Amino acid sequence: MDNIGIVFSITLMYATPLIFAALGGIISERSGVTNIGIEGMMTIGAFAGAAVGYFTANPWIGFACAAAAGGALSALHAIACVKFHANQIISGVALNLIGLGVSLFLSRLLFDGVTQTLPVPNKLPKLVENGPGGLNLDSTVLVVLIFIIGVWFFLYKSRGGLRLIAVGEHPAAADTLGVNVFRVRFLAVIVSGLFAGMGGAARTLAVVSSFSPIVISGHGYIALAAVIFGRWNPVGASLACLLFGFAQSLVVVLGGGDIAIPSQILAMLPYILTIVVLVLLRGKTNAPKASGIPYIKGQR
Amino acid sequence: MDATYAVEMKSISKYFGGFCALDNVDLCVQKGEIHAILGENGAGKTTLMNILYGFYEADSGEVWTNGQKREIKTPKDAISLGIGMVHQHFMLVETYTVLQNIILGDEHIKGPGVIDYKKAKAEIKKLAEDYHFNIDLDAKIQDITVGMQQRVEIIKALYRGADILILDEPTSVLTPQEIEELIDIMHNMVQNVKTIIIITHKLAEIMKSADTCTVIRRGKNIDKVAVANTCEKDLAELMVGRAVEFTVEKQECRRGSALLQIDGLVVEDDRKIKKVDGLSLELFEGEILGIAGVDGNGQKELFEAVTSLRKAKSGSIRIDGQDIQNTSPRKTFEAGISVIPEDRQKSGLVLDFTIAENMVLEKVQNAPFSKHGILDWKVIRQNADKLTKEYDVRPDGSAGMRAGALSGGNQQKAIIAREISNDGRVLVAVQPTRGLDVGAIEFVHNAILSERDKGKGVLLISLELDEVLKLSDRVAVIYNGRIVNIIDAKDADEKRIGLLMAGGEGA
Ligand SMILES: Nc1ncnc2c1ncn2[C@@H]1O[C@H](COP(=O)(O)OP(=O)(O)OP(=O)(O)O)[C@@H](O)[C@H]1O
Ligand SMILES: [Mg+2]
């Protein structure tokens, strides 16, 4: 039973970066722009966070720069997809490649030709360290909690949210009421990049302490899966991320226990769980209707 | 400048690709008048209004409002100039409530960006009361009838306090009574120095409401007339360019054996409310059975159950004695039911497909349109060319166009062409002439009658009592999900049916 604290800690440790990214995914998708470039934005955020955190010795500055880096990368997505009506999937794939490429390139440039940054002198502070039952909580948990509430409130209570969701459901309708579809989508995509960037840094500044090419490996995609089975709702998506984090914690806890389960099998657990849950939660999805479809004014 | 005009559009031209939709069109609307725009399907009425509303950009020409030249580039510009528009095809977010749709883009806020729903609700309630609109502000758009949705659109414009209100076919799905009310509202509004531009194909409405009428045909100005000095017949002639018959030649009904039998049908809507509640009826070969009723009395659910778009809770639907309830749209189609649906854009057409593709949606798997799973584009195209010509789906060459690029009425004509050419045994037609011009209505009515004369059964579900009375051999009145009475067309008159529709007993 003394594992409970550990399971709880690991669950949150894995889930937190995913939740950041999922929040980004929700904002973008709800505005009608599919953003599979989240992975690349997390990667560049992870790098920027670690690098700036190393040079400034201030993890919070690193964290902010990570958000900015993610936002900058997503601006490319916004320009391509919102302004020039490019195919959103292709643009997203390109961004994933660019995100990783730029991170590796800069890493070699700044860190003596290796694709790994040096550990940051200061990680983000812990909320709880070595608490009862082995409880450890990063400060990113608190940050993300605030953002979950913030995004929920924004989407369902605020003027901006009403317009954002309308743009993702029926852009022409929003347009006829004077809502600037391009601006809403542009901003939404950039905000999604900010979130993804923070998600990346939440890994390199809280979970581990340096950037390496595999520090973000599929996290962006898992976050997008969480968006879908959380039904484009920030709370639902966060729960989905927690589930995934929980599966990860089982891997750690069971792997360290007495039962002999091959680690490769254990490592599959989170992914299998994801698929199982996706199947169980099937049914009417309420995907934003205009998601993935460029809005071309005057075409009907 | 002369500021007696609320709107002046001067020499407006608009091209879509090489196609000229508007060719130097002028429109002058006096302040405080009701100005009708009349024109055939595809004449360019909607395009002209979309330009005024900033939704489309004109290729040339000028727009003036209240005596000043304006650059209206976006709807936002138009709204700030006090222009409001009710669009022909609804601009509503399905997943939102009525309230959310109304306030979108013009929300009251309290605190930083937080929507004050309470305040909005109170304001809109009052507005709705002032105009005698009875709507549930908390219902979701996807759960309300098309007639309701139309009212939401009108309230949307009123809420924004428009001084110049554009109504693009606002009455196409309203009941006669609601139309009366709307006309009253319009008169009310012009008394408060508002200006109204209305597009409608219903000449009687123009006669009753408008002061002036501008007629356009194929993108060109034809005439501008004072309504007081004209009559329906002249208007129709101006618009179509030939004389139009308002009455249809109807041969004696030769009724055959029972074709479609519905027994004790119960259907629930999405909210699990019984909308069709033990409905029974029989449709015979060679007859047109009209279903008359006030919107929302189960017509939608009846239609959806007959076409297997919605599950029937209990009861049976049989064609030739064969059960078809709760099968699939494909099975009902194969059993011989052709369908003209209520909402052409939602369930009638794939807007991103060409007209040629849309013309074979239900039968593309059959020869001659495909063989061994391979499409024969030549046949598909020929089929569409033939049908668009026969049914006058404009413009020329529409077979190769995206369905979404056609005007509303021409989309409707395309569906009718497809469904009648299916040559099924039963034709279920819901509001088949919604949005058609008088010339096209004449044509479609004749087409439906000739189907009946060929021995088909036609189930005509329409909110338009005129149409039901004109075409039907028998009229069934639906009320609260049941058929309350079936009357022979000879004995049916508007008053008696109207009474039954309102729930009056045994009239
Ligand atoms: N976005 C578009 N792309 C291509 N063609 C278009 C577009 N919008 C309109 N058109 C064409 O312009 C012409 C005029 O269309 P419009 O919708 O203005 O007709 P309308 O007079 O409103 O007809 P209806 O009574 O059927 O609604 C039509 O031939 C239509 O095909
Ligand atoms: Mg039109």
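Since the structure is predicted, the reported quantities are computational estimates derived from the model, not experimental observations. So you know, we letter chains A, B, ... as the sequences are listed, proteins then strands, and number each from 1. Note that these values count all heavy atoms, side chains included, but never hydrogens, waters or copies made by symmetry.
- Contact between Pro75(B) and Gly178(A) at its shortest, heavy atoms only, is CB-N, 4.3 Å.
- For a residue to count as touching a neighbouring chain, one of its non-hydrogen atoms must lie under 4.5 Å from one of that chain's; by this rule Ile79(B) touches chain A with the side chain only.
- No other option in Asp77(B), Asp116(B), Thr74(B), Thr95(B) has as many heavy-atom pairs under 4.5 Å with chain A as Thr95(B).
- If you measure heavy-atom distances from Tyr53(B) to chain A, the contacts under 4.5 Å come from the side chain alone.
- Sparse packing is recorded around OH of Tyr15(B), with 12 or fewer heavy atoms of other residues, nucleotides or ligands lying under 6.0 Å away.
- Salt-bridge formation is not detected for the pair Glu57(B)/Lys297(A): no Lys NZ or Arg NE/NH1/NH2 atom is positioned less than 4.0 Å from an Asp or Glu carboxylate oxygen.
- At a 4.5 Å heavy-atom cutoff, the contact between Ile109(B) and chain A is made by side-chain atoms alone.
- Of all heavy-atom pairs between Tyr117(B) and Leu162(A), the closest is OH-CD1, 3.6 Å.
- Residue Asn101(B) touches chain A through its backbone alone, counting heavy-atom pairs closer than 4.5 Å.
- Of all heavy-atom pairs between Leu104(B) and Ala166(A), the closest is CD2-CB, 3.5 Å.
- Only the side chain of His87(B) comes within less than 4.5 Å of a heavy atom of chain A; its backbone N, CA, C and O stay farther away.
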Handout entry: Test log, rule side chain to side chain contact (heavy atoms under 4.5 Å, CB included), inputs His170(A) and Met91(B)
Key = CA-CA 8 Å; His170(A) 196 332; Met91(B) 294 289 184; 3.9 Å; yes
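- Within a 6.0 Å sphere centred on CZ of Phe353(B), heavy atoms belonging to other residues, nucleotides or ligands number 12 at most.
- With respect to chain A, the highest number of heavy-atom pairs below 4.5 Å among Ile103(B), Asp106(B), Ile115(B), Val93(B) belongs to Ile115(B).
- A 4.5 Å side-chain heavy-atom check between Leu177(A) and Lys156(B) finds at least one atom pair inside the cut-off.
- Contact count versus chain A (heavy atoms, under 4.5 Å) is highest, among Lys76(B), Arg160(B), Glu107(B), for Glu107(B).
- Proximity to chain B (any heavy atom under 4.5 Å) is shown, for Phe154(A), by neither the backbone nor the side chain.
- The environment of Lys140(B) atom NZ is sparse: at most 12 non-hydrogen atoms of other residues, nucleotides or ligands sit within 6.0 angstrom.
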